[in-house]
Amino acid sequence: MKDLKMYEANDKMITLISDNYNLLQNLGNFGISLGFGDKTVQEVCEDQNVDTHTFLAIVNFTINGYKDTDNIGSLSVATLLHYLKACHDYYLGFQLPFVRKELDQALDDNDNLGRLILKLYDEYSHEIQQHMHYEEKTVFPYVEMLLSGSVTEDYNVETFSKYHGHTDLKFSEFKNILIKYLPSDKLRNNQLVAAIYDIFNNEEWLRLHSEVEDEIFIPAIRELERKLRQSDVSVRISKMISQTEKSEELSDREKDIIICVVQGMTNKEIADTLCISVNTVITHRRNIAKKLEIHSPAGLTIYAIVNNLVDISKVDL
């Protein structure tokens, strides 16, 4: 049965642990050390450089299933990433080998059935390792790239979401085989019961881990992708505007040409006045028209007046 209490930043950290001892493991995954006295959750998190909002989001979700979908964007993706990496290290580096050792002690090495059980466990472990290694080699580096402000079209969190799924089905089958079919003497039975108990705990841990990824991590990355792509579009638009503005910049010679046109000069008169060839005048006028998208003398006159190239009092209207 879930604890429906919602924990907040001003609650004491020791209260969270006393109410839910399983949170001890979460503390380590967040990088929070013990010895925090009677400090509040916020004080402990701030002391140990952990985002308080993200810590509470995972705590309240794993304890009572609460998720604040309206504030996904305010989660610290860096904190989530650190937490998930630590979860992987804990599970692959400690929990799987620990249960393997328990089973090895509880099973008879000379019993073919015992060896088969260990083989089945190793197959399960390999499946979990592959799943987590995929995240470590593909998903986590992708998220780190997003945190650096880069976006790519080659991969997105939806690809991970489709790939991601619960990997505890085989674990559940393995646990049931141990309970239903494996005979044992009294001593080994006690050892086997202890191992099965840890397997149940592992199964629950893995389920919650998967749900945190599905319900918190993936939505947070999806929101980060949205913000970055939105920002990327804004940058592209700004560049386009900048390029357009740059393309509209006239050279001093082109401004001279416009002034002459406004004064009613022909191409030959402009050429004579500016000591250039008629062909050069024509080329300049073509470039001016392309830059300004203005092709008539009247339009150039308005442009010249608005941009203070000529005094309106001196223009023959």
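Keep in mind the model is a prediction, meaning the values are calculated, not measured.
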Note, [X] side chain near [Y] side chain (heavy atom, < 4.5 Å):
X: F55; Y: L16; result: yes
X: N60; Y: D68; result: no
X: L274; Y: I257; result: yes
X: D11; Y: Q42; result: no
X: L75; Y: N71; result: no
X: V139; Y: E144; result: no
X: M265; Y: D272; result: no
X: I258; Y: L292; result: yes

Between [atom1] on residue [X] and [atom2] on residue [Y], distance to nearest 0.5 Å:
X: D122; Y: R115; atom1: CG; atom2: CZ; result: 13.5 Å
X: H209; Y: I128; atom1: NE2; atom2: CD1; result: 9.0 Å
X: N22; Y: I17; atom1: CG; atom2: CD1; result: 10.0 Å
X: E204; Y: L206; atom1: CD; atom2: CG; result: 10.0 Å
X: D256; Y: C260; atom1: CG; atom2: SG; result: 6.5 Å
X: K268; Y: S277; atom1: NZ; atom2: OG; result: 11.5 Å

Contacts of type side chain to side chain contact (heavy atoms under 4.5 Å, CB included), residue F94, not counting sequence neighbours: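 With sequence neighbours excluded, F94 shows a side chain to side chain contact (heavy atoms under 4.5 Å, CB included) to Y90, F98, given in chain and number order.
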
Going through the distances and angles, do F61 and Y66 end up as a ring pair (Phe, Tyr, Trp, His ring centres under 6.0 Å)? CA-CA 5 Å; F61 178 75; Y66 175 78; 9.3 Å; no

For the residue pair F140 and H88, does the interplanar ring angle fall in the parallel (under 30°), tilted (30 to 60°) or perpendicular (over 60°) class?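 Geometry flag for H88 against F140: tilted rings.
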
Which class fits the ring pair Y124 and Y121: parallel under 30°, tilted 30 to 60°, perpendicular over 60°?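 Y124 and Y121: tilted rings.
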
In sequence, state the C-alpha distance, the side-chain angles, and the governing distance for R222 and E225, and then conclude on salt bridge (charged side-chain N to carboxylate O under 4.0 Å, His left out). CA-CA 5 Å; R222 190 180 290 124; E225 286 176 338; over 6 Å; no

Quick check on the hydrophobic clustering: are [X] and [Y] connected, directly or via other members, by side-chain heavy-atom contacts under 4.5 Å?
X: V310; Y: I302; result: no
X: L34; Y: V44; result: yes
X: L147; Y: Y155; result: yes
X: L228; Y: M145; result: yes
X: V278; Y: I259; result: no

Flag the pair F30 / Y83 as yes when their ring centroid distance falls below 6.0 Å, and as no otherwise.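 Between Y83 and F30, which both carry aromatic rings, the centre distance is below 6.0 Å.
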
Where [X] and [Y] come nearest, the two heavy atoms and their spacing:
X: G73; Y: E223; value: CA-CG, 3.6 Å
X: A9; Y: T40; value: O-CB, 3.6 Å
X: E8; Y: L56; value: C-CD1, 3.7 Å
X: P141; Y: E135; value: CD-O, 4.0 Å

Solution key, residues 281-289 side-chain donor-acceptor pairs under 3.5 Å, sequence neighbours excluded:
from: T283; atom 1: OG1; to: N279; atom 2: O; distance (Å): 3.0
from: R285; atom 1: NH1; to: N267; atom 2: OD1; distance (Å): 2.9
from: N287; atom 1: ND2; to: T283; atom 2: O; distance (Å): 3.4

Pair Y7-D19, side-chain hydrogen bond (donor to acceptor under 3.5 Å, both in side chains): steps then yes or no: CA-CA 10 Å; Y7 294 96; D19 291 348; 2.8 Å; yes

Option among L80, N29, L84, L208 that satisfies the side-chain contact (heavy atoms from CB on, under 4.5 Å) test with I58: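 Option passing the side-chain contact (heavy atoms from CB on, under 4.5 Å) with I58: L80.
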
Sole candidate of L92, L96, L120 that passes side-chain contact (heavy atoms from CB on, under 4.5 Å) when paired with S125: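 Only one option passes, and that is L96.
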
Check for a donor-acceptor pair, side chain of E213 on one end and backbone N or O of S210 on the other, with a separation under 3.5 Å.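 Flag not set: sc E213 to bb S210 has no pair under 3.5 Å.
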
Between the side chains of K85 and D89, is the shortest nitrogen-to-carboxylate-oxygen separation below 4.0 Å, so that they form an ion pair?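 No, D89 and K85 are not salt-bridged.
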
Can you tell whether the side chains of R207 and E211 come within less than 4.0 Å, N to carboxylate O?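 Yes, R207 and E211 are salt-bridged.
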
Sequence neighbours excluded, which residues qualify as side chain to side chain donor-acceptor pair (under 3.5 Å) partners of D51?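 Only T54 meet the side chain to side chain donor-acceptor pair (under 3.5 Å) criterion with D51.
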
Surrounding NE2 of H133 (heavy atoms of other residues, nucleotides or ligands, distance under 6.0 Å), is the total greater than 12?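 Result for NE2/H133: enclosed.
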
Donor + acceptor pair across side chains of S74, H53 (<3.5 Å):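 H53 and S74 do have a side-chain donor-acceptor pair below 3.5 Å.
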
